[in-house]
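The figures that follow rest on heavy atoms only: side chains count, while hydrogens, waters and symmetry mates do not. Both counts, for ligands and for their atoms, begin at 1 and track the order of listing.
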Amino acid sequence: MLILGIDTSCDDTSAAVVGDGSRIISNIVSSQEFIHKKYGGIVPELASRRHIEMIWPVVDEALKSAQTGLDGIVAVAVCHGPGLIGSLLVGCSFAKALCFSRDIPLVAVNHLEGHVFSCFLEERRPQFPFLSLIVSGGHTSLYRVEGFGGYRELGRTRDDAAGEAYDKVSKLLGLGYPGGPVIDKLAQDGDPGAVDFPRAYLPESLDFSFSGLKTAVVNYMRHGRQVPLNDFCASFQQAVVDVLVRKTEWAIRQTGIRTVTLAGGVAANSGLRERFRSMAEKGNVEIFAPSVRLCTDNAAMIAAAGYHRYLSRDFAGLDLNPAAYLPL
Ligand code: KG4
Ligand code: ZN
């Protein structure tokens, strides 16, 4: 059963064909990095214009490389939020028109639900219930996942998302956008103990906060960076990873759930993945981290989550409206 997934929530135009909610047949991502790089962050108006240009070619390529036409597709799953409203509108309008013209069902998928289900696209899959740490440019949250559609938020960031902190620090250092991959690479040859950046552990809470860390970086830079760039990046990364790991450990202790999945762009981070790997080796905790290309935004994860909604006949109407703010 083939589902066409579409994601235009932020700055990537993506379309994918997924079989039975788990088999990736095609997963095309057209990046807008080259457009936003010079601004040091995403310019929403430019993002939506580029989505308009790319949506047809990207969907076309997804269908062609899956060697199927629209006749082989049983439904279209589209991300309807959260995200940039202008960007979401492009994907939603396109999906609605496609469903109307082909008379096939439309399925609306929350972007975060897509991230949660990205790990079901790998061969090794978690069993319910599990904890899901979603860390991206727009979100940093911990969820308890009981089953499909059963999500409880245990904690979320009170200010910046982890990826946002990476991107802002990268801009400050003149390293460009997106900051995560560059800082991650530089950090690999650095000393994580070189600068003692603050960690906001927020006792008694599973919430996160990264704005203090960002301010500490700004203040440190104001006095002139005294350590090599690699050491600086490694120290920043260590501060972010320490918080993400410690909060997840607290959530494991509080809930007794020992299966943890990672998702979102920051889950591609080598330092974070390494720490979770060693957590799994040390204790009886099972960690599921999707491959790097499934951590960042992609439409295969939207199709994977959409499959379950399709099975329960949870269809959206052609009056579906996207929403910039859409809790899971
Ligand atoms: O999930 P995603 O593609 O889009 C959102 O839904 O936000 O995540 C993008 C974020 C960006 O902030 C980017 O800097 C960060 O993920 N990122 C990373 C890495 N790769 C991407 N952060 C840290 N280390 C990485 N290797
Ligand atoms: Zn995302």
- prompt: How does His139 reach ligand 1, if at all, at less than 4.0 Å between non-hydrogen atoms: by side chain, backbone, both, or neither?
  reply: neither
message: Need the ligand 1 atom indices (1-based, order shown) with element for anything under 4.0 Å from a heavy-atom of Gly179.
response: 14 (O)
field: Which segment of Val266 sits under 4.0 Å of ligand 1 when only heavy atoms are counted
entry: both
Protein heavy atom at shortest distance from atom 26 (N) of ligand 1: Asp184 OD2, 3.0 Å
- request: May I ask you to test the Val107-Phe315 pair for a side-chain heavy-atom distance under 4.5 Å?
  value: yes
field: Electrostatic pair Glu249-Arg246, nearest N-O below 4.0 angstrom
entry: no
query: Can you find an N/O atom of Ser270 closer than 3.5 Å to an N/O atom of ligand 1?
result: no
- request: Write out the residue and atom name of the closest protein heavy atom to atom 9 (C) of ligand 1, then the distance separating them to 0.1 Å.
  value: Gly137 N, 3.8 Å
task: Would you please say whether a donor-acceptor pair under 3.5 Å links the side chains of Asp297 and His115?
output: yes
message: Does any N or O of ligand 1 fall below 3.5 Å from an N or O anywhere on Asn269, backbone included?
response: yes
- line: shortest atom 2 (P) of ligand 1-to-protein heavy-atom contact is with Asp297 OD1, 3.3 Å
field: Nearest heavy-atom neighbours spanning Ser87 and Thr8
entry: O-OG1, 2.7 Å
message: Tell me how many protein N, O or S atoms are within a distance shorter than 2.8 Å of the Zn ion (ligand 2).
response: 3
task: Give the other cluster members for Tyr177, using side-chain heavy-atom distances under 4.5 Å between Ile, Leu, Val, Met, Phe, Trp and Tyr residues; answer none if it is isolated.
output: Ile42, Leu84
statement: So the atoms of ligand 1 within less than 4.0 Å of a heavy atom of Thr296 turn out to be 3 (O)
Glu164 N/O to ligand 1 N/O under 3.5 Å: no
query: Is the closest side-chain donor-acceptor distance between Asn269 and Gln237 under 3.5 Å?
result: yes
- request: Apply salt bridge (charged side-chain N to carboxylate O under 4.0 Å, His left out) to Glu146 and list each qualifying residue two or more places apart in sequence or on a separate chain.
  value: Arg144
- request: Would you check whether Gly180 has a nitrogen or oxygen atom less than 3.5 angstrom from a nitrogen or oxygen atom of ligand 1?
  value: yes
field: Any side-chain donor near an acceptor of the partner, Ser270 and Gln188, under 3.5 Å
entry: yes
task: Report yes if some heavy atom in the side chain of Glu45 is under 4.5 Å from a heavy atom in the side chain of Arg50; otherwise report no.
output: no
field: Protein contact of atom 13 (C) of ligand 1 - nearest heavy atom, named by residue and atom, plus distance
entry: Asp167 OD1, 3.8 Å
task: Check whether any heavy atom of Gly138 sits under 4.0 Å from an atom of ligand 1.
output: yes
message: If the contact criterion is a heavy-atom separation under 4.0 Å, does Gln237 count as touching ligand 1?
response: no
Check: Ser14 main-chain N/O paired with Asp7 side-chain donor or acceptor under 3.5 Å: no
- line: One finds that the ligand 1 atoms under 4.0 Å from a non-hydrogen atom of Ala268 are 26 (N)
message: I need the atoms of ligand 1 closer than 4.0 Å to a non-hydrogen atom of Gly163, numbered in the order shown.
response: 12 (O)
- request: Under 4.0 Å from a heavy atom of His115: give me the atoms of ligand 1 that qualify, with their elements.
  value: 1 (O), 6 (O)
Asp207/Lys247 ion pair, N-O < 4.0 Å: no
message: Starting from atom 19 (C) of ligand 1, what is the nearest protein heavy atom, named by residue and atom, and what distance separates them?
response: Gly265 O, 3.5 Å
message: What I want to find out is whether Lys64 reaches Asp60 closely enough, with some N-O distance under 4.0 Å, to be called a salt bridge.
response: yes
Could you pull out every donor-acceptor pair under 3.5 Å between side chains of residues 66-74 and any protein atom, sequence neighbours left out?
{"residue": "Asp71", "atom": "OD1", "partner": "Arg102", "partner atom": "NH2", "Å": "2.3"}

task: State whether Arg277 and Glu281 are salt-bridged, where the test is any N-O pair (Lys NZ or Arg NE/NH1/NH2 against Asp/Glu carboxylate O) under 4.0 Å.
output: no
Pair Arg124-Glu286, salt bridge (charged side-chain N to carboxylate O under 4.0 Å, His left out): steps then yes or no: CA-CA 11 Å; Arg124 191 176 150 263; Glu286 267 203 295; 3.7 Å; yes
